[in-house]
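These numbers come from the heavy atoms of this one structure, side chains and all, not from hydrogens, waters or symmetry mates.
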Number of protein chains: 2
Amino acid sequence: MDQSPPRSPSVTVADVARKAGVSKATAARVLGGYGTVSDRVRDAVTAAARALDYQPNELARSMTTGRSGTIGVVVGDIENPFFSLAMRGITDVARQAGFTVVLINSGEDAEAEKAAIRTLLAKRVDGLIVSPAKESDVGHLREAARAGRPLVLLDRGSEMLDVDMVIADDRHAAEGITRRLIALGHRRIAYLTACDTPDHRFRTPSDINTGSVRRRIQGFLGVCREAGLDGMEDRVHVGAVTPEHTHRIVTGMLQSSQRPTAIIASDSVIGLEVFKVCRALGLSIPDDLSLVSFHDADWTSVTTPPVTVVRQPVYRLGETAAKLLVERLNGNHAEASRVVLQTKVIERASVAEAPV
Amino acid sequence: MDQSPPRSPSVTVADVARKAGVSKATAARVLGGYGTVSDRVRDAVTAAARALDYQPNELARSMTTGRSGTIGVVVGDIENPFFSLAMRGITDVARQAGFTVVLINSGEDAEAEKAAIRTLLAKRVDGLIVSPAKESDVGHLREAARAGRPLVLLDRGSEMLDVDMVIADDRHAAEGITRRLIALGHRRIAYLTACDTPDHRFRTPSDINTGSVRRRIQGFLGVCREAGLDGMEDRVHVGAVTPEHTHRIVTGMLQSSQRPTAIIASDSVIGLEVFKVCRALGLSIPDDLSLVSFHDADWTSVTTPPVTVVRQPVYRLGETAAKLLVERLNGNHAEASRVVLQTKVIERASVAEAPV
DNA sequence: TTGAAAGCGGTACCAG
DNA sequence: CTGGTACCGCTTTCAA
């Protein structure tokens, strides 16, 4: 019956030093793996440490070194497969580089994001990876930079900030699928995003604070204009923040007299909901409606019909961001880099000629 | 390598105190929000703090208080929708309770999990939520408890450990769907899980270290036995650790002479792969094969046919675990609780009578 | 190679 | 109510 008593007062370097019969400094040297010690002393300390079951206190260590071995990550919603996959990329790189990750969800709310960064900074994370909710509002990001904490922007850039960022070529992707849709005869093409505006209406791309989405919409509208399609701004729908919202919006547009013949969904969560609504309404994809979704989510290939998507290198987005950050933390002082990862359209069967 | 310490000379309480013309102790009181101070002094300190842009150092605070305001979470794979949803539940509760979350992926590897917990303990997290890869191997979990850090087990319990745990009634769920399948005439029912064994073969439930899965298999085998079905152990397949593995295993079993007429997938990632293989093989669900999957992933309702699933309260699993942990951290010393959340079978259209 | 002592940035106890 | 001061656990000069 080894009733190991609760070891409340944790054993410290001082305890180990005493037991090993050396000074605190010496014990600290071997325990911390720095400085130089004789083999004899090293063994003695190591033995004492094991005997006492010494557990280092990283907090105390960080206190003096100034490095916490931690990187803070702020994403919109870890439940979204886009972010959870990117997060996987981040954690993989971080772990390998010896860093641990602190995660905070912003819920795409600028205020929450601000608080998150403040918290992270207070906890003295070594660096930050943020997927900013609003590109326009970047004061808190500046603050991070000012506090000397390297920052990498994920999936969403910002022209106003001179920091590393890794994004996808969203605009190009949006242009590609829009052209394709138009070539197939579509004229009433809707773009649907979770991003919202104060009055839940869209007027111009500058209404959209989320960089990646704004770039897509710019691409979409640009191609439409080229093709002589006017007033397509009215076909951009914002505020699909939850499946319920999306349901309402899609049902509305699909039941209007000038209903769209094609919908571009800004992420897979929205794409899925569009799919469901079509089913509920008895509309056939792609006969009645063509659908293209951003994010090659796993399920998109098994629906009937499988859905055409814009494949983004999501894992690599996270991976690259983390690599960039780790480099900074290792003293890379080169100027801020802006990595743009290629996307690819995966043609499946949810797109067809526009119905006559 | 120039290890430039990311230490901008941050402003401390001492600086603020000096500027406000009060003692360090007093400044600390207002900045830390404890003790009592006169309004006049409070204002002075607050003003000085703002003027200097004082940012508290949580590390230093934790150092003396012993609380870091942090909880460590170890899950198998954040990319898996099951875990990312549970994680959402955890972070929501944590944030509201004023805690921040450190996430580590174990990749379902016991050694990695061990290292993760060691790291977390060294960083002095206040408590832990772990989804243990192996129930049998719990030394490191004991260590956490011994270090005085409350621990809550997520989704997987352990008989050997007297700690809080929140799990789903997996066994009951498995029994239910197995009965249903048998009632429909199925006799060759396969169970497929990502859990692996040293030789990649299954013999007895005790081969399975993951608690939740073991309980399901026990339920499955129990019902089979009751129904007079023998040797069903041979129909339990392990090692579906990646989509590729799953693909190989499913293709194999579906092409064997005694191929199953029904498959139970232990999670949605596996369920999806089974679905894909059937398609590739030209098998019809549910005419040629019935499919039931654990985890009501979002896509399961939009396939053709939609798939029958065991709905687990995943978000609530995480939420409850976090609540339990927060209670402990607030001084609840009651004995360990074992919360079992109900599951529910969502009947859709992937299950039918066994083909003759 | 080893030891003594001074911090790191707060908190907390105690006296005034 | 306020100030003085001893820590927390570890790193890091600086001497010896």
A:K123 atom NZ is separated from C:dG9 atom P, nearest whole Å, by 17 Å
- Item | Heavy-atom donor-acceptor pair, A:S62 side chain to A:R67 backbone, under 3.5 Å | yes
In short, salt bridge (Lys or Arg N to Asp or Glu O under 4.0 Å) pairs touching residues 69-83 of chain A with sequence neighbours left out are A:D77-B:R88, A:E79-B:R88
Using a 4.0 Å heavy-atom cut-off across all strands, classify B:T36 as base, sugar-phosphate, or nothing.
base
With sequence neighbours left out, the residues meeting side chain to side chain donor-acceptor pair (under 3.5 Å) with B:R338 are none
Whether B:R124 and B:E58 form a salt bridge (side-chain N of Lys/Arg under 4.0 Å from carboxylate O of Asp/Glu) is what I want to check. no
Rounded to whole Å, the CE-P distance (B:M63 to D:dA6) equals 18 Å
Residues at least two apart in sequence or cross-chain that pass side chain to side chain donor-acceptor pair (under 3.5 Å) with A:N80, listed by chain then number, are none
Here the distance between atom P of D:dC1 and atom CG of B:D43, to the nearest Å, is 14 Å
Sequence neighbours excluded, the answer for side chain to side chain donor-acceptor pair (under 3.5 Å) partners of B:T100 is none
In whole angstroms, the gap separating C1' of D:dT2 from CG of B:D39 amounts to 15 Å
Rounded to 10°, the helix from C:dT1-D:dA16 to C:dG16-D:dC1 deviates from straight, judged by its five-pair end axes, by 40°
- Message: Closer than 3.5 angstrom, by distance alone: can the side chain of B:D15 be matched with the main-chain N or O of B:T12 as a donor-acceptor pair?
- Response: yes
Looking only at C:dG3, D:dG3, C:dG9, the nucleotide nearest the B:S23 side chain is D:dG3
Paired with A:E113, the side-chain hydrogen bond (donor to acceptor under 3.5 Å, both in side chains) test is passed by just one of A:H140, A:R118, A:K134, namely A:H140
Given protein heavy atoms under 4.0 Å, the one-letter contact record of nucleotides 10-16 of chain D, with B base, S sugar-phosphate only and - none, is simply BBB----
Here the distance between atom P of C:dG9 and atom CG of A:L59, to the nearest Å, is 15 Å
